[in-house]
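Just so it is clear, the structure is predicted and the values come from calculations on it, not from any experiment. The sequence lines fix the lettering, A, B, ..., with proteins before strands; numbering per chain opens at 1.
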Amino acid sequence: MPSPCFQGNECGGTGFHVKVPGMDNDQEPIRVRFAPSPTGHLHVGGARTALYNWLLARKSGGIFILRIEDTDISRSTEDNIRQIMESMLWLGLDWDEGPDREGKHGPYRQMQRLEIYRRAADELLGSDKAYRCFCSKEEIAAEREEARRASRAYVYSGRCANLKPEESAACEADGRGFVIRLRAPSGGTTVVNDLIRGEVSFDNALIGDIILVRASGIPTYNFAVAVDDSQMGITHVIRGDDHLPNTPKQLMVLEAMVKPAPAYAHLPLILGPDRTPLSKRHGASSVEEFRVRGYIPEALCNYLALLGWSYDAETTIFTTGELVEKFSLGRVGATAAVFDNDKLLWMNGYHIRNLEPEKLSLRLEEYIATTRLSGLPGTGGRPGIEELIPLAQEKMKTLADFVELTDFFFLPPTYEDKALAKLRKDELAPEILIRAAGILSGIEPYDAETIEEALRRAADEMDIRLGKLLQPVRIAVSGKLVTPGMFETLAVLGKEKGIDRINAAIKMARND
RNA sequence: GGCGCAUUCGUCUAGUGGCCCAGGACGCCGGCCUCUCACGCCGGUAGCAGGGGUUCGAAUCCCCUAUGCGCUACCA
């Protein structure tokens, strides 16, 4: 359903149309891109944008492109580029074309595409759709100030729009720097046909002759994006809401270059609890931080997908495969969403519980290497990760929880103050511990089932509840108030270690 | 200031004129299960920003107001 894009005086009659590939009987594959600016790590907002692009590409058998927008040379770094790619791969968002996967539309870093922008600018200059502007920054600032005083929107005056060739040449000979501006329509409206918001129109008179190329020769964002999207054959531009007001500018550039426009979908922002755009101020906000805190990509993708998109009224849990199958732009909402750590945490626990144990074991192995348990599991007679997964999996909400839940299997227990206090307050504790140590020493085979049987019998004989008996034992062997199931814990810990710790705790229980 | 976007339980959302005195999920509260903590199960709390229209009928359509956010850069 093509719709007129410009209805202005200058171009209303030209019948420029927006092409919406993939939305009708068009057979061309969808080509989408994620275009981060490497001025920081991959943020959850950016991750969601990348995810939606990736989902659409994978769902339709299209192409997902990673393009680095590094024209802000003062803030872009190589390290950030590497980090962003690492985070994307960790999430499972792989790209078909990108800085390390050159395709016929490359290169994929804007600073390596300067020649392409130069050619595009020259063409526009040649066809008089753009012109050189020699106004100094001071002159522009004065215009802006004047507009402000008159309480008018600032629009470039167009002072250099009609410079004669000899005037232009004279200025250049004078050594005055210049920018290249688009000769933009001064009247009419530009309408953006957004897949999420519908038609949004902008008054051309309020936009003016935007700068295409800076005095430094580096293109501005709006120019580079329009050139790249066009040259890379992008069919759908899916990006943050903050770009909506930029879209008419890009449409104007495309129009001047006589290129078709892609379809646009502007995603609402992700907010912090205070309803301002999510940022570092709100705590964890980069994908990397979530990885370090023990979140798994399945959960982060699921959560991010649901932040702005829904499948139906009921379903909240999706595997990444299901997301690929079910995602659609049509069901993306238009309202900004507050990032809810509680829900993400719950979802992370859910996905951890649903991981196959072997898979969880692999994840933990990698994760533990970065913690104080590094190198310990499975060495020196200590249990391996796979032995502990049955005890810990259903209790973990993050991979980090595994460390807290199982450290006493690998290291001598450190007695928590609260646990110690509890042990000392329990008058029966010494007796229970002495008895437990005795019972345990006679158990054969030393497995969870046999231990359970014996300890249950003991509780019966002492006429106390099982919990009453187990709690001192728990504290004795772990130093904690919370552990995996006691019978399994004792079995995996081993007879000798268990009894030693219980004996040691008897003294503590007596307040010695 | 100008322009633009948005507004359903605390949070994420379902809802496209009657199926809604609004459904699901997280959180919270209560209960069950239970060796602790989780998990699981059962139940509960809580919302259509406000005001005008249109209509037999509005969360759904229109207008206004309010609030929030974005853009208004030789940042992206």
- Task: Quick one: which residue pairs count as a side chain to side chain donor-acceptor pair (under 3.5 Å) with a foot in residues 337-348 of chain A, not counting sequence neighbours?
- Result: none

- Under 4.0 angstrom, heavy atoms only, what part of the nucleic acid is A:Arg144 near: base, sugar-phosphate, or nothing? sugar-phosphate

- Task: Let me know, please, whether A:Arg75 or A:Lys468 comes out on the 5' side of the other along RNA chain B by nearest nucleotide.
- Result: A:Lys468

- Message: Which residues pass the salt bridge (charged side-chain N to carboxylate O under 4.0 Å, His left out) test with A:Lys359, not counting sequence neighbours?
- Response: none

- Listed by chain and number, what are the salt bridge (charged side-chain N to carboxylate O under 4.0 Å, His left out) partners of A:Glu69, not counting sequence neighbours? A:Arg67

- Message: I need a per-nucleotide contact map over nucleotides 61-67 of chain B, read 5' to 3'. Cutoff is protein heavy atoms under 4.0 Å; write B for the base, S for backbone only, - otherwise.
- Response: -------

- Query: According to the side chain to side chain donor-acceptor pair (under 3.5 Å) rule, which pairs have a member within residues 483-494 of chain A, sequence neighbours left out?
  - Reply: A:Arg474-A:Thr483

- Under the salt bridge (charged side-chain N to carboxylate O under 4.0 Å, His left out) test, which residues partner A:Glu139, sequence neighbours left out? A:Arg159, A:Arg176

- Output every pair passing side chain to side chain donor-acceptor pair (under 3.5 Å) with a member in residues 450-460 of chain A, not counting sequence neighbours, ordered by first then second residue. A:Asp447-A:Thr450, A:Glu452-A:Arg456

Pick out the pairs of N or O atoms, protein on one side and nucleotides 44-49 of chain B on the other, that lie under 3.5 Å.
none

- Using a 4.0 Å heavy-atom cut-off across all strands, classify A:Arg239 as base, sugar-phosphate, or nothing. nothing

- Query: NA contact type, A:Cys133, heavy-atom cut-off 4.0 Å: base, sugar-phosphate, or nothing?
  - Reply: nothing

Protein and nucleotides 12-16 of chain B: nitrogen or oxygen contacts under 3.5 angstrom:
{"residue": "B:C12", "atom": "OP1", "partner": "A:Val338", "partner atom": "N", "Å": "2.9"}
{"residue": "B:C12", "atom": "O2'", "partner": "A:Leu306", "partner atom": "O", "Å": "3.1"}
{"residue": "B:C12", "atom": "O2", "partner": "A:Lys343", "partner atom": "NZ", "Å": "3.3"}
{"residue": "B:U13", "atom": "OP1", "partner": "A:Gly308", "partner atom": "N", "Å": "2.8"}
{"residue": "B:A14", "atom": "OP1", "partner": "A:Ser310", "partner atom": "OG", "Å": "3.1"}
{"residue": "B:A14", "atom": "O3'", "partner": "A:Arg331", "partner atom": "NH2", "Å": "3.4"}
{"residue": "B:G15", "atom": "OP1", "partner": "A:Arg331", "partner atom": "NH1", "Å": "3.1"}
{"residue": "B:G15", "atom": "OP1", "partner": "A:Arg331", "partner atom": "NH2", "Å": "3.4"}

- Message: Tell me every residue that passes salt bridge (charged side-chain N to carboxylate O under 4.0 Å, His left out) with A:Arg501, counting only those two or more places apart in sequence or in another chain.
- Response: none

- Message: Quick check: on RNA chain B, is the nucleotide nearest A:Ser136 upstream (toward 5') of the one nearest A:Glu452, or the reverse? Name the residue that is more 5'.
- Response: A:Glu452

- Treat primed atoms plus P, OP1 and OP2 as sugar-phosphate and everything else as base, then score nucleotides 36-41 of chain B 5' to 3': B for base contact with protein heavy atoms under 4.0 Å, S for sugar-phosphate contact only, - for none. BBBSS-

- Task: May I ask you to say what A:Pro277 touches in the nucleic acid, namely base, sugar-phosphate or nothing, with a heavy-atom cut-off under 4.0 Å?
- Result: sugar-phosphate

- Task: Output every pair passing ring-ring contact (aromatic ring centres under 6.0 Å, His included) with a member in residues 293-319 of chain A, not counting sequence neighbours, ordered by first then second residue.
- Result: A:Phe290-A:Tyr295, A:Tyr303-A:Phe339, A:Trp309-A:Phe318, A:Trp309-A:Phe327

